[in-house]
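Keep in mind it's a predicted model, so treat the numbers as computed, not measured. Note that ligands are numbered from 1 as they come in the structure, with each ligand's atoms numbered from 1 the same way. Position 1 is the first residue of the sequence, and the numbers go up from there.
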Amino acid sequence: MMKKILPALLAGACAFTAAASDPKPRTAVGDPDQRAAAVEAQMTDEERFHFLQTHLPLVIEPGKPTRLIPNVPIAVGRMPAIERLGTPEILETDASLGVVNPLGLREGDVATVLPSSLALAATFDPALSYRAGAMVAAEARAKGFNVLLAPGVNLTRDPRGGRNFEYFGEDPLLSGVLAGDYIRGVQDAGVVATIKHFALNDQETLRRSGDAQIAEAALRESDLLAFEIGIERGQPGAVMCAYNKVNGDYACGNDFLLNRVLKGDWAYKGWVMSDWGAVHDVGFFNAGLDQQSGAEMDKRQWFAEPLKAEFAAGRVSRQRLSDAVRRILRSLYAVGADAAPVKRPIDYEAHAAVARAVAADGIVLLKNDQLLPLTDAKQSILIVGGYAIAGVMSGGGSSQVTPVGGPAAVIPTDVHHLAKLPLGQILVPSSPVQALKAALPSATIAYDAGYDVAVAAARAARADLAIVFASKWETEGRDSGSLSLGGAQNELIAAVAKANPKTVVVLETGNPVLMPWRDEVKAVVEAWYPGQKGGEAIADVLSGAVNPSGRLPITFPASESQNLHGALPGLGEEYGLDFAAADKIIANPEGAEVGYRGYAARGQTPLFAFGHGLSYTRFELGPVQLKVHRNRVAASFSVRNIGAREGKAAPQLYLVKAKGKPVLRLCGFAKLALKPGERRELSVTVDPRLLAGWESQGWRIRPGQYEFALGDSATDLGPAQAVTLADQRLPP
Ligand code: BGC
């Protein structure tokens, strides 16, 4: 029973307490495959088996209290070094949004909190994603870790998903590109990155036992494409398979996913590690799983004695055994993760600047009726709600970081049913109220917690302007039951807006939320979970120090009924537990038409579309010129800043029609800063897989006309241009 809580307790814990950093990127020595093969060839079989598991730093015995093993580094997964061979120790940490120290197990250890991956995706900026990955890896390395259990690239299918904030949204191209560059940032810093959770772990409900069902073509064109692009671009050393089943087989024992797609079609060279507690059979090894993670988490240490017995009986080949070991070693060698960490102090100030840049560029200005940016004038501003006096919201689960400076507050949410430890919402110590006071020194700023709606409204009526902060906590292990803001927040916003016509709403959410008050307020800002300098980044955007440039990586539904995923079985069951559900099928009714693609196909109008985001300036997108060379489409166009402020444009190119049939697929995007009046030419080469369909053995572009349009969002597009493409089969 204890097993199920361990990832949340231990993720990211490590034995190195000294603050240190290694600013110089590490470089790999020699050819990693040759080195791995040479070292592996010298191993005894016992040594080979040593590589097939990572371990928890604690002992779990039925009926006895779980205890830490003395003198063992506290990593969520550890594999000791082998001195005789000079092979390195593996120390793994969770780190999607920063190096994790859950429940403060490592006393006093903190890390820079990145904004949520949804915020990073909203930057539409691969270069920022690279910087974010490099920053987290530098901290991980400095704390002694050489394998980072990030990034997660599961697509958003249900906008109530508890871990959507850890992922990059609903589009395979955007997710794949941003994840790929995050991985490059991590690995250039000498740390192995792990892309996860392969595949279709797109919801938390039934995550350990549900069977995500989907047709192969739909899978290849959606979730797998996000992984494929991320892996091609980033070359991550490891892939973590998911808890759930995919089309009948557990993801970690799924021959189709691991052997056929990943290692076969994609010729992936790295290793596959399991999620913690996701191995259910020794046969998973032959199905493509190379390493059992946190082996004590599973019912049996399958990849120890049971696997040795299979090997002795000839049911596991020597070649397969060597292959698994070589994959692990080559990935460590390829990025220099075998080098001992060099300890230097972490420059938390510099890292906070990276977090602030991501937050500022990821904040999405959803609506603005000429109220923002705020000018620094003598005026009274009432800030209401959202704990804005203390800090900004963060998300829960194995990605939860203990912020530099410590949590501003922990709002108790639950007590863990097994650990009897309090669970809480961690507020990152970056107060929007303080930041706004600093950004608008001429204004008189007061705060109202918003507990009494009538009091808040009365105070708002007396102010020149009101800013309401609203937040919604999401966590691993549990999906949200609805798309509504919790508590009385909708009522509060509506009352304040009624009392003061100049009302701004700032959202700190891990998912889209419904906005029944949208038409009553002047401006709406989506700040996601904005991380270590979230308050400052919000103030930057509200005050105009930063011109907002974030774009939605996820569609905001207009109603609950626009979400195709119906009632969640087991809603309200205890955190992280599986439960008896009558039906454990996870249907994916949208198939490949995830998010905005499905909205377009169904003719639904969302509240805010994928790609949407306003700016304090305006951009003119030039006409698109399409060229076809060897059946490859290249689009060129100009972007001009026609407003009075410098700002960042995020032009998006979509396929809008294929062979006469309306479709909608993001085919290219860019992020670029432009001064007032400045104009730049851009070109985008379209990934042919975005124009193709998956047909039994591979991709196929069917002959005919393909139409493209350029725009500011999935629903705000310019005129379409057409090209003709020939029939073409592409390798898988
Ligand atoms: C999560 C993974 C995480 C692992 C180790 C699991 O519960 O799904 O994302 O990396 O724990 O903490």
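- The aromatic rings of Tyr250 and Phe284 sit tilted relative to each other, their planes meeting at an angle between 30° and 60°.
- The distance from ligand 1 to the heavy atoms of Leu149 drops below 4.0 Å at these ligand atoms: 10 (O).
- Against a heavy-atom cut-off of under 4.0 Å, Tyr243 is close to the following atoms of ligand 1: 6 (C), 7 (O), 8 (O).
- Judged as a salt bridge (charged side-chain N to carboxylate O under 4.0 Å, His left out), and not counting sequence neighbours, the contacts of Asp223 are Arg157.
- Numbered from 1 in the order shown, with element, the atoms of ligand 1 that lie under 4.0 Å from a heavy atom of Val76 read 5 (C), 12 (O).
- Residue Arg207 places a heavy atom less than 4.0 Å from ligand 1.
- Residue Glu92 does not touch ligand 1, judged by heavy-atom distances below 4.0 Å.
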Contacts under 3.5 angstrom, residues 110-121 side chains, donor-acceptor by atom type, not counting sequence neighbours:
residue	atom	partner	partner atom	Å
Thr112	OG1	Glu139	OE2	2.5
Ser117	OG	Glu166	O	3.1

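- Two rings, from Phe303 and Phe49, have their centers 6.0 Å or more apart.
- Every atom of ligand 1 with a heavy atom of Lys196 under 4.0 Å away is listed here by number and element: 2 (C), 3 (C), 9 (O), 10 (O).
- Atoms of ligand 1 found under 4.0 Å from any heavy atom of Glu476, numbered from 1 in the order shown, are 1 (C), 6 (C), 7 (O), 8 (O).
- Every atom of ligand 1 is numbered from 1 in the order shown, and the set under 4.0 Å from a heavy atom of Met240 is 10 (O).
- Within the listing of ligand 1, atoms 1 (C), 2 (C), 8 (O), 9 (O) sit less than 4.0 angstrom from a heavy atom of Arg163.
- For the pair Trp276 and ligand 1, the shortest N or O to N or O distance does not fall below 3.5 Å.
- Taking the ring axis of Tyr130 as reference, the NZ or CZ atom of Arg184 does not stay both within 45° of it and closer than 6.0 Å to the ring centre.
- Taking 4.5 Å as the limit, some side-chain heavy atom of Leu224 sits within range of a side-chain heavy atom of Trp266.
- Checking side-chain atoms of Asn146 against main-chain N and O of Ala337 turns up a donor-acceptor pair under 3.5 Å.
- The minimum heavy-atom distance between Trp528 and Ile554, with the atom names listed, is CH2-CG2, 3.9 Å.
- Distances below 4.0 Å separate heavy atoms of Ser398 from the following atoms of ligand 1: 1 (C), 3 (C), 9 (O), 12 (O).
- Nearest to atom 10 (O) of ligand 1 by heavy-atom distance, out of Asn201, Leu56, Asp94, is Asp94.
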